[in-house]
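Notes follow once the structure below has been shown.
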Number of protein chains: 2
Amino acid sequence: MENPPMIGKNIQKFRGARGLTLNVLSERSGVSKAMLSQIESDKVNPTVATVWKIAKGLGVELQDLLDMETQPKRIFSLNPASEVTSKLEKTKNGVTIQILSPLSMVEDLELYLLTFEPHASLPSEPHFPGTQEFLTVIKGTVKVTAGDNSAEIRKGDFLMYHCDVEHTITNESAQPAVVHMVVRYTPDRK
Amino acid sequence: MENPPMIGKNIQKFRGARGLTLNVLSERSGVSKAMLSQIESDKVNPTVATVWKIAKGLGVELQDLLDMETQPKRIFSLNPASEVTSKLEKTKNGVTIQILSPLSMVEDLELYLLTFEPHASLPSEPHFPGTQEFLTVIKGTVKVTAGDNSAEIRKGDFLMYHCDVEHTITNESAQPAVVHMVVRYTPDRK
DNA sequence: AAACTATGTTCAATATACTAAACATATACG
DNA sequence: CGTATATGTTTAGTATATTGAACATAGTTT
């Protein structure tokens with residue numbers, strides 16, 4: 001960031017996405033309608049406490065309002081050119097799946113970056129027996145269910161599980177979530 | 001966060017770590033000494049723009065000052081209890097290495113969370129031939145050198161490289177960095 | 001000890017964030 | 001059409017964030 005963040009557009013975006021009016025957001029956040037209007041048009045330099053109240057009223061984290069436009073995620077390799085990395089990116093039902101690992105490693109070891117919109121879910125069929133998944137939560141909170149077991153993990157947490165059963169990753173919260181996933185296929189096919 | 005962030009302690013921590021006086025930070029940030037004093041003792045609710053100036057003066061990101069105490073990173077497993085996950089954590093030369101993967105997977109597939117203090121570096125000897133490392137930058141910017149090649153990657157970026165040569169990950173910036181690392185040993189020992 | 005320097009705190013003045021109420025504009029409704 | 005409702009903007013007043021200067025305190029120097 002070269003300049004102080006202009007958060008007006010961010011707030012407007014979240015408020016619009018939720019279909020909230022200034023009056024409603026004012027009630028929910030405890031910030032006056034007039035102030036909201038001025039902040040959204042960047043006419044004032046709001047206080048941290050005020051922006052925090054607005055974030056709570058919108059159901060997002062303070063960070064989400066302060067972030068400038070998110071930088072594009074880049075994929076690099078120091079390996080010989082033969083091993084090309086992929087830039088595939090699919091979005092389905094509010095879940096964006098970005099494949100980090102090269103195509104040559106498919107069904108061996110795969111790395112993904114998963115971005116969940118609020119209340120988005122990613123269900124998966126059982127994989128080959130012995131397959132495992134390793135999750136590291138980068139942002140937000142998600143709930144993971146694999147067979148009969150489930151766990152709720154949040155930013156910074158790590159979770160591993162066998163995924164040769166039906167398994168689902170769900171973002172039950174009203175805030176976006178980002179998860180790093182490693183899939184390891186049939187590790188012990190000795 | 002249940003309450004608006006109290007950022008006084010955070011600023012004091014960074015300022016102390018850099019050995020800066022209020023006067024010096026005032027000059028660097030363009031925020032008056034009086035204001036800095038009051039913010040550090042949480043007597044006022046500073047403006048976002050003001051906190052941003054202070055962050056720039058300290059050479060950190062706005063986020064670093066707003067973060068409350070970072071939650072402890074937890075490690076979970078949905079697998080049978082036989083597969084125990086580790087909680088090992090080593091700090092050396094400003095780099096904290098947290099092993100995420102269980103000990104049973106050592107020298108097969110290993111997952112780490114690396115936290116770099118400003119200007120900290122993690123050099124490594126060559127691993128077995130064919131070994132590869134996969135990095136995803138979670139926070140900040142790091143420079144990776146493997147043999148003759150090198151690249152600078154930032155938050156959100158992904159990088160893979162063969163690490164059967166000497167390789168180093170360095171945080172050259174004045175801000176902390178966090179990197180997710182996957183090490184895959186000898187993938188093609190067919 | 002007195003005088004000087006360096007650091008952080010408080011004070012009085014000013015700029016501005018923030019609020020409640022009035023205003024503008026549009027759409028629905030009789 | 002006129003009235004009512006719903007939305008966002010502007011206005012005037014108040015609370016407070018911010019500042020330069022004075023103050024307090026401790027450590028050094030002579």
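This structure is a prediction, so every number in the text was calculated from the model and none was measured. Proteins get letters first, then strands, A, B, ... in listed order; numbering begins at 1 in each.
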When the distance from CG of A:Leu36 to C1' of C:dT19 is rounded to whole Å, what number comes out? 11 Å
Indicate the atoms forming the closest heavy-atom contact of B:Val48 with A:Pro5, along with that distance. CG1-CG, 4.0 Å
Euclidean distance, atom CD of residue A:Gln38 to atom C1' of C:dT16 [Å, nearest integer]: 11 Å
Between the main-chain N or O of B:Leu58 and the side-chain N or O of B:Arg18, is there a donor-acceptor pair closer than 3.5 Å? yes
A:Lys33 has its side chain closest, among C:dT7, C:dC18, D:dT9, to D:dT9
Regarding A:Glu40, tell me which of base, sugar-phosphate or nothing describes its non-hydrogen contacts under 4.0 Å with the strands shown. nothing
Verdict with supporting geometry, B:Phe134 and B:Arg184, side chain to side chain contact (heavy atoms under 4.5 Å, CB included): CA-CA 8 Å; B:Phe134 306 87; B:Arg184 177 216 214 183; 3.9 Å; yes
With a cut-off of less than 4.0 Å, is there a side-chain N or O of A:Thr21 near OP1 or OP2 of D:dG8? yes
Options D:dT18, C:dA17, D:dT19, nucleotide nearest the side-chain atoms of A:Asn45: C:dA17
Mind checking A:Lys43 for me? I need base, sugar-phosphate or nothing, with any heavy atom below 4.0 Å counting as a touch. sugar-phosphate
Hey, is the side chain of B:Thr50 poking within less than 4.0 Å of OP1 or OP2 on D:dA17, counting only N and O atoms? no
Respond yes when some side-chain nitrogen or oxygen of B:Ser37 is under 4.0 Å from OP1 or OP2 of C:dT10, and no when none is. no
Short side-chain N/O contact from B:Arg15 to OP1 or OP2 of C:dT7, under 4.0 Å: no
Is the closest side-chain donor-acceptor distance between A:Asn23 and A:Thr21 under 3.5 Å? no
Looking only at side-chain atoms of A:Leu22, point me to the closest of D:dA17, D:dG8, D:dT18. D:dG8
If only side-chain N and O atoms of B:Thr47 are considered, is one of them under 4.0 Å from the OP1 or OP2 phosphate oxygen of D:dT18? yes
Whole angstrom is fine here: how far is it from NZ in B:Lys53 over to P in D:dA17? 15 Å
Rounded off to whole Å, could you give me the CG-to-P distance for the A:Leu25 and C:dC18 pair? 14 Å
Side chains of B:Tyr112 and B:Gln98, donor plus acceptor under 3.5 Å: no
Base, sugar-phosphate or nothing for A:Ser32? Non-hydrogen atoms, less than 4.0 Å. base
Calculate the interatomic distance between A:Met35 atom CE and D:dA12 atom P; express it in whole Å. 16 Å
